[in-house]
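Since we're looking at a predicted model, the values are computed, not measured.
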Amino acid sequence: MSIFREIALMILFSRRNLHYSDYKWSVYAANDPHVNGKPDETSFNKAEGNEVVYLINKLMILWDYRFANTGNKMEKLIHDKLPEDVNQQKEVLSWIKENLKF
(Lines give C-alpha, C1' and ligand atoms only; values in the text may rest on other atoms or scores of the structure.)
Protein backbone atom coordinates (compact mmCIF):
# COMPACT_ATOMS: atom_id res chain seq x y z
CA MET A 1 0.00 0.00 0.00
CA SER A 2 1.45 3.39 -0.90
CA ILE A 3 2.01 5.89 1.87
CA PHE A 4 -0.37 8.33 0.17
CA ARG A 5 -3.17 5.78 0.01
CA GLU A 6 -2.68 4.86 3.67
CA ILE A 7 -2.73 8.52 4.73
CA ALA A 8 -5.86 9.15 2.65
CA LEU A 9 -7.62 6.18 4.21
CA MET A 10 -6.53 7.14 7.71
CA ILE A 11 -8.50 10.38 7.52
CA LEU A 12 -11.73 8.82 6.29
CA PHE A 13 -13.12 8.66 9.80
CA SER A 14 -12.54 11.45 12.30
CA ARG A 15 -14.00 12.95 15.43
CA ARG A 16 -16.54 14.89 13.38
CA ASN A 17 -17.89 11.60 11.95
CA LEU A 18 -18.74 10.16 15.35
CA HIS A 19 -22.42 9.53 15.97
CA TYR A 20 -22.19 9.70 19.77
CA SER A 21 -20.96 12.71 21.74
CA ASP A 22 -20.39 11.20 25.18
CA TYR A 23 -16.71 10.35 24.73
CA LYS A 24 -13.80 11.51 26.88
CA TRP A 25 -10.98 13.20 24.97
CA SER A 26 -7.66 12.57 26.69
CA VAL A 27 -4.34 13.74 25.31
CA TYR A 28 -1.98 10.98 24.11
CA ALA A 29 1.63 11.14 22.98
CA ALA A 30 1.94 10.60 19.22
CA ASN A 31 3.60 7.21 19.72
CA ASP A 32 1.19 5.95 22.41
CA PRO A 33 0.04 2.42 21.46
CA HIS A 34 -3.54 3.37 22.39
CA VAL A 35 -3.64 5.61 19.30
CA ASN A 36 -0.70 4.49 17.15
CA GLY A 37 0.73 1.35 15.59
CA LYS A 38 -1.03 -1.92 14.92
CA PRO A 39 -3.94 -3.21 17.01
CA ASP A 40 -2.41 -5.51 19.61
CA GLU A 41 -2.76 -6.46 23.28
CA THR A 42 -2.97 -2.78 24.25
CA SER A 43 -5.99 -2.05 26.41
CA PHE A 44 -8.99 -0.43 24.72
CA ASN A 45 -11.36 2.03 26.34
CA LYS A 46 -14.62 2.40 24.40
CA ALA A 47 -15.40 5.62 26.30
CA GLU A 48 -12.24 7.30 24.99
CA GLY A 49 -12.93 9.09 21.70
CA ASN A 50 -9.34 9.10 20.46
CA GLU A 51 -9.06 5.34 20.93
CA VAL A 52 -12.37 4.72 19.15
CA VAL A 53 -11.42 6.91 16.16
CA TYR A 54 -7.95 5.33 15.97
CA LEU A 55 -9.25 1.76 16.03
CA ILE A 56 -12.01 2.44 13.49
CA ASN A 57 -9.48 3.95 11.10
CA LYS A 58 -7.09 1.03 11.55
CA LEU A 59 -9.88 -1.46 10.82
CA MET A 60 -11.01 0.52 7.78
CA ILE A 61 -7.46 0.35 6.42
CA LEU A 62 -7.03 -3.32 7.33
CA TRP A 63 -10.32 -4.35 5.73
CA ASP A 64 -10.19 -1.80 2.86
CA TYR A 65 -13.42 0.02 3.78
CA ARG A 66 -13.66 3.45 2.22
CA PHE A 67 -16.83 5.05 3.52
CA ALA A 68 -17.40 6.88 6.82
CA ASN A 69 -20.80 5.21 7.24
CA THR A 70 -18.96 1.90 7.70
CA GLY A 71 -17.02 3.58 10.48
CA ASN A 72 -20.33 4.66 12.02
CA LYS A 73 -21.52 1.06 12.00
CA MET A 74 -18.34 0.05 13.81
CA GLU A 75 -18.77 2.91 16.27
CA LYS A 76 -22.35 1.94 17.08
CA LEU A 77 -21.28 -1.66 17.68
CA ILE A 78 -18.46 -0.56 19.97
CA HIS A 79 -20.55 1.99 21.83
CA ASP A 80 -23.74 -0.04 22.25
CA LYS A 81 -22.80 -3.71 22.17
CA LEU A 82 -19.12 -4.32 22.91
CA PRO A 83 -19.00 -6.73 25.86
CA GLU A 84 -17.19 -5.45 28.97
CA ASP A 85 -14.73 -8.37 28.86
CA VAL A 86 -13.54 -7.44 25.34
CA ASN A 87 -10.96 -4.87 26.35
CA GLN A 88 -7.85 -5.28 24.19
CA GLN A 89 -7.47 -3.83 20.70
CA LYS A 90 -6.98 -7.27 19.09
CA GLU A 91 -10.05 -8.62 20.90
CA VAL A 92 -12.13 -5.65 19.70
CA LEU A 93 -10.90 -6.25 16.14
CA SER A 94 -11.98 -9.91 16.28
CA TRP A 95 -15.31 -9.07 17.91
CA ILE A 96 -16.15 -6.42 15.31
CA LYS A 97 -15.17 -8.79 12.49
CA GLU A 98 -17.64 -11.36 13.86
CA ASN A 99 -20.46 -8.89 14.53
CA LEU A 100 -20.29 -6.28 11.74
CA LYS A 101 -23.21 -6.91 9.38
CA PHE A 102 -24.14 -4.96 6.29
- Item | Interatomic distance, L55 atom CG to T42 atom OG1 [nearest 0.5 angstrom] | 10.5 Å
- Pairs satisfying salt bridge (charged side-chain N to carboxylate O under 4.0 Å, His left out), at least one member in residues 42-53, at least two apart: none
- Query: Do any N or O atoms from the side chain of N50 and from the backbone of V27 form a donor-acceptor pair under 3.5 angstrom?
  - Reply: no
Return a table of donor-acceptor pairs under 3.5 angstrom between the side chains of residues 71-79 and protein atoms on other chains or two or more places apart.
residue : atom : partner : partner atom : Å
N72     : ND2  : N17     : O            : 2.7
E75     : OE1  : H19     : N            : 2.7
E75     : OE2  : H19     : N            : 3.2
E75     : OE2  : Y20     : N            : 3.1
E75     : OE2  : Y23     : OH           : 2.7
H79     : NE2  : D22     : OD1          : 3.0
H79     : NE2  : D22     : OD2          : 3.1

- Are any non-hydrogen side-chain atoms of N87 and F44 less than 4.5 angstrom apart? no
- Query: Do K24 and N45 come within less than 4.5 Å of each other through their side chains, counting heavy atoms only?
  - Reply: yes
- Message: Just to verify, what does D85 make a side-chain hydrogen bond (donor to acceptor under 3.5 Å, both in side chains) with, not counting sequence neighbours?
- Response: none
- Query: Does any N or O in the side chain of E91 come within less than 3.5 Å of the main-chain N or O of V86, such that one atom is a donor and the other an acceptor?
  - Reply: no
Review item, side-chain donor-acceptor pairs of residues 30-39, under 3.5 Å, at least two apart:
residue : atom : partner : partner atom : Å
D32     : OD1  : H34     : N            : 2.7
D32     : OD1  : H34     : ND1          : 2.7
H34     : NE2  : S43     : OG           : 3.0
N36     : ND2  : A30     : O            : 3.1

- F13 vs L18 side-chain heavy atoms within contact, under 4.5 Å: yes
- Gap between atom OG1 of T70 and atom CG of D64 - 0.5 Å precision: 11.0 Å
Enumerate donor-acceptor pairs with a distance under 3.5 Å from any side-chain N or O in residues 92-102 to protein atoms, sequence neighbours excluded.
residue : atom : partner : partner atom : Å
S94     : OG   : K90     : O            : 3.3
N99     : ND2  : W95     : O            : 2.6
K101    : NZ   : E98     : O            : 2.9

- Message: List the residues meeting ring pair (Phe, Tyr, Trp, His ring centres under 6.0 Å) with F67, not counting sequence neighbours, and say none if there are none.
- Response: none
